[in-house]
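Handing you this structure, nothing more for now.
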Amino acid sequence: MTPSTAEAETGASAAPESRPSNFLRDRIVDDLKTNKYNGRVQMRFPPEPNGYLHIGHAKAICIDFGLAEEFGGKTNLRFDDTNPEKEDVEYVESIMEDVKWLGFHWDGLYYASDYFDRLYEWAITLINKGKAYVDDLSAEEIRQYRGTLTEPGRASPYRNRPVAENLNLFERMRAGEFPDGSRVLRAKIDMTSPNLNMRDPVMYRILHAEHHRTGNKWPIYPMYDFAHGQSDSIEKVTYSMCSLEFADHQPLYNWFIEQLGIFPSQQIEFDRLSLTYTIMSKRLLRRLVEEGRVNGWDDPRMPTLGGLRRRGYTPEAIRNFVAAVGVSRTNGIVDLAMLEHFVREDLNKRAPRVMAVLRPLKVVIDNYPENQVEEMVAQNNPEDERAGSREVPFSRELYIEQDDFRELPPPKYFRLSPGKEVRLRYGYFITAKNVLKNDKGEVVEVHCTYDPATRGGNAPDGRKVKSTIHWVSARHAINAEVRIYENLFTNPDPIDVPEGHDFTKNLNPSSLVAISHAKLEPSLANAAAGSRYQFERLGYFCADPDSKPGAPVFNRTVALKDTWAKVEKKQEKLTNTNKTS
RNA sequence: UGGGCCGUCGACUAAUGGUAGGUCAAGUGCCUUUGGAGCACUUUGUCUAGGUUCGAAUCCUAGCGGCCCAGCCA
């Protein structure tokens with residue numbers, strides 16, 4: 001390349017549309033330049049239907065489908081269903097639902113089991129080439145013969161069986177003549193390879209198990225390594241992108257394709273997504289469900305797509321998050337705060353605002369007419385004019401948040417306290433006069449006066465208040481259950497535990513706090529399950545499927561950023577250090 | 001310990017031999033009928049040591065550190 005061309009290209013890439021690069025995209029761009037696949041981009045997302053998809057899968061989905069979209073390519077959804085003992089249609093259905101929910105559409109829908117016949121023929125091809133043999137060693141013996149990380153493996157005594165005998169035995173394996181575990185078909189590669197995957201890997205095992213799609217047709221099933229690359233090849237997949245731990249399998253992936261002389265799909269590995277305070281292992285997630293630590297796979301505390309959906313996450317938030325995280329080959333851990341940022345960002349733009357009081361404290365406005373009710377006009381979304389407005393009933397007795405009143409206000413506390421004036425959002429300015437307490441000395445009622453001239457929240461004389469608080473009219477309030485979620489784990493790395501413990505030691509005992517008597521404004525009485533709102537000043541909330549007409553249940557998706565909480569914490573720290581010093 | 005992969009602000013990620021930039025987090029200020037949102041600004045970084053080069057985060061060598069591999073799981 002001449003310097004002048006380089007300059008010209010730099011100029012072109014400085015165009016406004018340029019997006020951050022990554023090594024996967026670069027690879028495709030390079031291949032497009034050299035016309036390696038005639039301009040074709042064919043991707044695939046290949047989940048095993050043995051569990052529910054989680055946010056880690058969302059990254060893979062966004063990469064596979066996203067890259068195809070970007071380059072005008074196609075993406076197949078292919079179920080990697082080669083292990084009937086762990087798989088089920090229940091999972092294939094939920095996986096399809098989740099992929100669609102994320103907003104992606106597959107071009108072809110396939111199953112590795114579609115290819116069982118062809119795979120079987122290819123196994124015979126390799127036997128005929130002298131590249132595969134039937135091994136009678138037990139699983140334990142195979143393990144011993146394989147050697148270790150530092151010692152080479154040894155040849156099985158059955159390694160040099162004649163082709164005819166291998167053919168005969170393999171056909172009888174297929175016919176179901178032998179019991180599970182009695183024999184396997186192995187590739188004949190190199191028992192001394194430093195890559196253990198190349199030490200005569202197993203291609204087929206005997207499994208008299210019913211498969212969710214092929215029923216009892218097959219008593220033998222191909223291993224991942226003998227199915228994945230060939231499935232890619234059959235579908236003419238150009239880029240088979242998978243996670244880093246498969247890098248050691250790439251030589252084997254290529255070996256089968258070369259031996260068979262079939263379409264050369266290429267595997268490229270990228271890093272998995274890890275999140276702080278979160279586990280992504282299907283095995284561990286399953287334990288949480290089975291041990292009743294959470295309420296099912298779609299518990300709003302779960303990192304499953306079903307859980308995030310129920311929690312109130314939007315597909316857009318997840319996709320924006322995944323895009324922001326990027327892709328590389330490093331093993332990093334993304335801060336959960338980043339995920340939360342993207343759901344706040346999305347919901348801020350689209351969620352209607354509404355007033356709800358989680359921990360109610362009664363306020364009585366002494367100078368407000370006893371039976372008067374006014375409909376106050378409230379904006380549905382200050383971020384979006386088109387969202388319009390609604391009316392919220394206002395009356396003499398209201399609920400405000402317990403946190404919004406302090407009898408003895410700490411420094412910098414701007415909310416209601418005796419003698420202080422605040423604005424009730426879209427209501428009036430009120431001033432606290434005195435309080436009623438229970439036997440325990442807790443404030444149970446605050447008596448205030450209001451300024452009738454401040455209707456709607458504007459003071460004609462231009463005077464300012466330092467705080468605006470939300471409220472709900474006591475007479476009109478809807479009772480609701482609100483479920484407040486915190487991180488499921490108390491440790492950023494949940495599997496980091498002292499000797500003798502497991503990850504359940506890090507479970508957060510207060511990851512779910514159900515508030516049974518929250519008070520909502522009346523417009524929320526029949527909120528549809530899945531509808532998302534911002535409860536003003538509190539956070540984003542999503543109606544749960546447990547909701548009944550007139551008795552809604554809400555999940556807190558994420559809290560709003562809370563500047564006061566930070567100030568308060570800092571002050572506590574200050575007073576504590578003053579005390580100790 | 002053999003092999004593979006990888007080390008850039010606290011976190012994630014760009015810079016493709018030529019100005020170390022973006023997002024999150026943190027902090028400051030402005031603004032605000034949400035202590036929200038928004039706006040502006042600030043702090044912090046190329047694992048170490050050599051080498052190649054006019055010039056190195058980038059290339060080379062060595063060291064250090066992390067992750068993955070010994071399923072008839074995927």
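Keep in mind that the numbers below use all heavy atoms, side chains included, and drop hydrogens, waters and symmetry copies. Letters go in sequence order (proteins before strands), and every chain restarts at 1.
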Side-chain N,O (A/T330) to OP1/OP2 (B/rC5) below 4.0 Å
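Indeed not, no polar side-chain atom of A/T330 lies that close.
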Do A/D135 and A/R161 sit within salt-bridge range, that is, some charged N less than 4.0 Å from a carboxylate O? no
A/Q230 and A/S233: side chain donor to acceptor below 3.5 Å: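 Note: A/Q230 and A/S233 side chains miss the donor-acceptor criterion.
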Practice task
State whether A/S21 places a side-chain N or O below 4.0 Å from either non-bridging phosphate oxygen (OP1 or OP2) of B/rA14.
Solution key: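 So the side-chain polar atoms of A/S21 never come under 4.0 Å of the phosphate oxygens OP1 or OP2 of B/rA14.
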Would you indicate what A/Y426 reaches in the nucleic acid, counting non-hydrogen atoms under 4.0 angstrom: base, sugar-phosphate, or nothing? base
- Message: Over 60° means perpendicular and under 30° means parallel, so tell me whether A/Y253 and A/H228 are parallel, tilted or perpendicular.
- Response: tilted
Practice prompt. Please list, chain by chain and in numerical order, all residues satisfying ring-ring contact (aromatic ring centres under 6.0 Å, His included) with A/Y277, sequence neighbours excluded.
Written response: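 Once residues adjacent in sequence are excluded, A/Y277 has no partner under the ring-ring contact (aromatic ring centres under 6.0 Å, His included) criterion.
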*asked:* Syn or anti for B/rG71? Use the chi torsion, O4'-C1'-N9-C4 for purines and O4'-C1'-N1-C2 for pyrimidines, with syn inside 90° of 0.
replied: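 Judged by the O4'-C1' to base torsion, B/rG71 sits in syn, the angle falling within 90° of 0.
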Per-nt protein contacts along nucleotides 22-27 of chain B (heavy atom under 4.0 Å; B base, S backbone sugar-phosphate only, - none) come out as -BSSSS
query: Does a side chain donor of either A/E87 or A/N50 reach within less than 3.5 Å of an acceptor in the other side chain?
result: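 Result is no, nothing qualifies.
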Salt bridge check: are A/D271 and A/K59 linked by an N-O gap of less than 4.0 Å?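 Yes.
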Select base, sugar-phosphate, or nothing to describe what A/Q534 touches, counting heavy atoms under 4.0 Å on all strands.
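The answer is base, as A/Q534 lies within the cut-off (heavy atoms under 4.0 Å) of a base atom.
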* Asked: Is A/E383 side chain donor-acceptor paired with the B/rG36 base, going by distance under 3.5 Å alone?
  ->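 Yes, the side chain and the base share a sub-3.5 Å donor-acceptor pair.
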- Using 4.0 Å as the upper bound for N to carboxylate O, is an ion pair formed by A/R159 and A/D200?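 Yes, this pair counts.
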With B for base contact, S for sugar-phosphate-only contact and - for none (protein heavy atoms under 4.0 Å), nucleotides 66-74 of chain B reads -SBBBSBSB
For the pair made of CG in A/L560 and P in B/rG38, what is the distance, rounded to whole Å?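 Roughly 11 Å, once rounded to whole Å.
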Requested in this report: Specify the separation, in whole Å, of atom CG of A/D271 and atom C1' of B/rG4.
Outcome: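 That distance rounds to 16 Å.
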When all nucleic acid strands are considered with a 4.0 Å heavy-atom cut-off, which category describes A/T150: base, sugar-phosphate, or nothing?
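It contacts base atoms.
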Can you tell me the distance, in whole Å, between the CZ atom of A/R425 and the C1' atom of B/rA37?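 So the two atoms are 11 Å apart, to the nearest Å.
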- prompt: Can you say whether the rings of A/Y115 and A/Y110 are parallel (under 30°), tilted (30 to 60°) or perpendicular (over 60°)?
  reply: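 Rings of A/Y115 and A/Y110: tilted, as their planes differ by 30° to 60°.
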Those residues at least two apart in sequence (or on a different chain) that pass salt bridge (Lys or Arg N to Asp or Glu O under 4.0 Å) with A/E401 are none
Sorted by chain and number, sequence neighbours left out, salt bridge (Lys or Arg N to Asp or Glu O under 4.0 Å) with A/E48 holds for none
- Is it true that A/Y533 and A/F541 have ring centroids separated by less than 6.0 Å?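 No, they do not, as the ring centres are separated by 6.0 Å or more.
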Stem ranges of RNA chain B by first residue number, counting only runs of at least 3 Watson-Crick or G-U pairs under 3.5 Å, come to B:2-7 with B:64-69, B:10-13 with B:21-24, B:26-30 with B:38-42, B:47-51 with B:59-63
| request: Give A/V567 one of three labels, base, sugar-phosphate or nothing, depending on what nucleic acid heavy atoms sit under 4.0 Å from its own. | output: nothing
Is a donor-acceptor pair below 3.5 Å formed from side chain A/N22 to base B/rU13, judging by atom type as modelled?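 It does not, because no donor-acceptor pair links the side chain of A/N22 to the base of B/rU13 below 3.5 Å.
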>> Does A/Y413 reach a base, just sugar-phosphate, or nothing at all? Heavy atoms under 4.0 Å.
In response: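 Base contact - A/Y413 has a heavy atom under 4.0 Å of at least one base atom.
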